[in-house]
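What follows is a set of notes on a single structure, which appears directly below.
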Amino acid sequence: MPTLKEKVFSRITEDFQVLAKIVIRQLNLTKQLMDDNHKEEIYTEINNNERIIDSIEVKIRNEVINMIVLYSPRATNLRMIISYYDMTAYLERIGDLILNVSHFMKKIAVDDCLFTTYKKDLLKMLSLTESMTQNAIFAFTCEDIQLAKETIETDDQVDELHHFIGQHLPTQCFDKILSQQEVTDALCINSMAYNIERIGDNATNIAEAAIYLIEGKNIKHWPKPDEDLLLAGSEG
């Protein structure tokens with residue numbers, strides 16, 4: 001018979017897995033909107049899922065706090081529980097960002113030139129962040145440190161696409177008389193790119209939490225390799 005402590009920990013694990021599946025589903029639904037943003041049933045499902053995400057996030061947080069207060073877990077278990085606590089927050093933020101993207105998609109004219117120009121880049125960003133989120137969760141549950149590191153590296157591709165859109169979108173609109181819909185499209189495209197980039201950042205945070213779980217190292221504020229070289233040069 002499992003102890004009460006084991007049952008509580010099992011509930012945290014199960015709730016986290018449900019939360020992760022719903023967030024991945026949300027990313028997939030958002031990609032569907034890129035082809036047809038008039039499907040009300042998709043918006044309805046996204047909004048319903050967001051409410052479920054919020055309720056699960058609150059439930060896991062309460063379970064984690066109760067686990068720490070009532071059972072005083074040892075170092076290894078405590079690290080696992082803290083990792084669950086952090087990653088639950090990151091997944092909830094990803095849910096919020098997906099909801100933002102769906103709101104912007106509802107305002108866009110998907111067949112107009114401006115959106116079709118950047119549709120491929122936005123879809124690529126969504127696919128990359130969906131893969132990052134899945135891999136980061138898998139890296140955590142399977143304690144795969146290499147996959148966690150690969151997830152963090154993938155974020156550079158998302159950043160590059162965000163930077164590309166941020167650079168070229170104003171140029172495309174410069175010195176032109178835009179219709180009200182074109183102005184709306186430009187603002188929404190820029191905002192979607194920003195929100196998707198932030199999804200990548202939160203997936204990176206999950207991967208970093210996985211590394212913290214596996215190695216006990218907090219790498220969030222470690223310098224990147226190129227920064228290491230700069231620091232070494234400045235010391236010389």
Side-chain angles (χ1 to χ4, degrees), residues 19-55 57 89-136 151 154-206:
L19 176 62
K21 287 179 182 178
I22 295 174
V23 170
I24 297 299
R25 171 64 178 166
Q26 293 286 77
L27 284 163
N28 187 268
L29 289 169
T30 306
K31 286 198 296 184
Q32 293 179 41
L33 289 175
M34 293 280 175
D35 291 320
D36 185 354
N37 67 336
H38 297 296
K39 293 184 176 179
E40 286 299 325
E41 65 272 18
I42 294 181
Y43 294 107
T44 299
E45 184 175 350
I46 287 174
N47 287 325
N48 289 340
N49 285 343
E50 174 61 18
R51 286 191 284 271
I52 296 171
I53 288 170
D54 288 342
S55 66
E57 187 254 352
Y90 299 139
L91 284 176
E92 192 274 334
R93 288 173 197 162
I94 289 175
D96 288 342
L97 293 164
I98 294 169
L99 189 64
N100 291 343
V101 173
S102 73
H103 289 162
F104 291 123
M105 273 305 306
K106 203 165 191 176
K107 301 175 183 178
I108 276 184
V110 293
D111 296 325
D112 284 0
C113 175
L114 200 58
F115 179 72
T116 55
T117 300
Y118 295 98
K119 177 182 175 181
K120 182 179 178 181
D121 296 315
L122 290 169
L123 274 171
K124 181 66 173 176
M125 290 181 74
L126 273 172
S127 294
L128 284 169
T129 53
E130 180 181 20
S131 177
M132 286 176 67
T133 304
Q134 287 178 317
N135 288 343
T151 301
T154 303
D155 192 43
D156 289 340
Q157 298 178 48
V158 179
D159 291 342
E160 287 172 7
L161 286 165
H162 179 223
H163 182 67
F164 173 84
I165 293 173
Q167 272 195 324
H168 287 77
L169 185 59
T171 303
Q172 190 170 355
C173 298
F174 181 72
D175 203 24
K176 292 181 180 178
I177 299 175
L178 301 178
S179 67
Q180 183 175 348
Q181 182 61 56
E182 287 172 328
V183 172
T184 298
D185 289 349
L187 292 173
C188 287
I189 290 167
N190 186 63
S191 296
M192 284 194 295
Y194 170 78
N195 278 270
I196 298 170
E197 189 271 337
R198 292 292 298 136
I199 292 172
D201 289 344
N202 279 281
T204 297
N205 290 339
I206 295 173

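Bear in mind the structure is a predicted one, so any value in this text is a computation, not a measurement. FYI, the numbering just counts along the sequence from 1.
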At their closest point, which heavy atom of Q26 faces which heavy atom of E45, and how far apart are they? OE1-O, 4.0 Å
Throw together a table of side-chain donor-acceptor distances under 3.5 angstrom for residues 183-199, partners on residues two or more places apart or in other chains.
from	atom 1	to	atom 2	distance (Å)
T184	OG1	Q180	O	3.0
D185	OD1	A109	N	3.2
D185	OD1	Q181	NE2	2.7
S191	OG	L187	O	2.9
N195	OD1	N100	ND2	2.9
N195	ND2	S191	O	2.8
R198	NH1	D201	OD2	2.8

Just how far is it from atom OH of Y43 to atom OG1 of T30, taken to the nearest 0.5 Å? 9.5 Å
In this structure, CD1 of I46 is separated from CG of L29 (nearest 0.5 Å) by 5.0 Å
Report the residues that fulfil side chain to side chain donor-acceptor pair (under 3.5 Å) with Q32, sequence neighbours left out, ordered by chain and then residue number. N28
Among residues at least two apart in sequence or on other chains, which ones pass side chain to side chain donor-acceptor pair (under 3.5 Å) with Y118? Q172
Could you give the distance from NZ (K176) to OG1 (T171), rounded to the nearest 0.5 Å? 10.0 Å
Applying ring-ring contact (aromatic ring centres under 6.0 Å, His included), can you list everything that pairs with H103, at least two apart in sequence or on another chain? none
Contacts of K124 meeting side chain to side chain contact (heavy atoms under 4.5 Å, CB included) (sequence neighbours excluded), chain-then-number -> L128, L161
Rounded to the nearest 0.5 Å, what separation is found between the CG atom of D159 and the CZ atom of F164? 15.0 Å
Is T117 reaching over with its side chain to a backbone N or O of C113, donor-acceptor style, under 3.5 angstrom? yes
Going by the rule side chain to side chain donor-acceptor pair (under 3.5 Å), which residues pair with D121 if we only count those two or more places apart in sequence or in a different chain? none
T154 to M132 - nearest heavy-atom pair and separation: CG2-CG, 3.8 Å
Working for side-chain contact (heavy atoms from CB on, under 4.5 Å), residues T204 and T151: CA-CA 7 Å; T204 297; T151 301; 5.6 Å; no
Side chain to side chain donor-acceptor pair (under 3.5 Å) with R51: which of D54, N48, N49? N48
Within a strict 4.5 Å, meaning less than it, do heavy atoms of the D96 and E50 side chains meet? yes
For a 4.5 angstrom cut-off between non-hydrogen side-chain atoms, does I165 reach L122? yes
Excluding sequence neighbours, so at least two apart, what forms side chain to side chain contact (heavy atoms under 4.5 Å, CB included) with E182? L178, S179
Full working for side-chain contact (heavy atoms from CB on, under 4.5 Å) between D111 and T116: CA-CA 7 Å; D111 296 325; T116 55; 5.7 Å; no
Roughly how far, to the nearest 0.5 Å, is the CG atom of L169 from the CG atom of L114? 6.0 Å
Sequence neighbours excluded, which residues qualify as side chain to side chain donor-acceptor pair (under 3.5 Å) partners of E130? K31
Do I94 and I206 make a side-chain contact, defined as non-hydrogen atoms from C-beta onward lying under 4.5 Å apart? yes
Considering all heavy atoms of both residues, which atom of V110 and which atom of F115 are nearest to each other, and what is their separation? O-CD2, 3.4 Å
Value rounded to 0.5 Å, distance of NE2 in H168 from NE2 in H163: 9.0 Å
With a cut-off of 3.5 Å and sequence neighbours excluded, list every side-chain donor-acceptor pair involving residues 33-40.
from	atom 1	to	atom 2	distance (Å)
D35	OD1	K119	NZ	2.8
D36	OD1	H38	N	3.0
N37	ND2	M105	O	2.7
N37	ND2	I108	O	2.7

Set of salt bridge (Lys or Arg N to Asp or Glu O under 4.0 Å) partners for E160, sequence neighbours left out: none
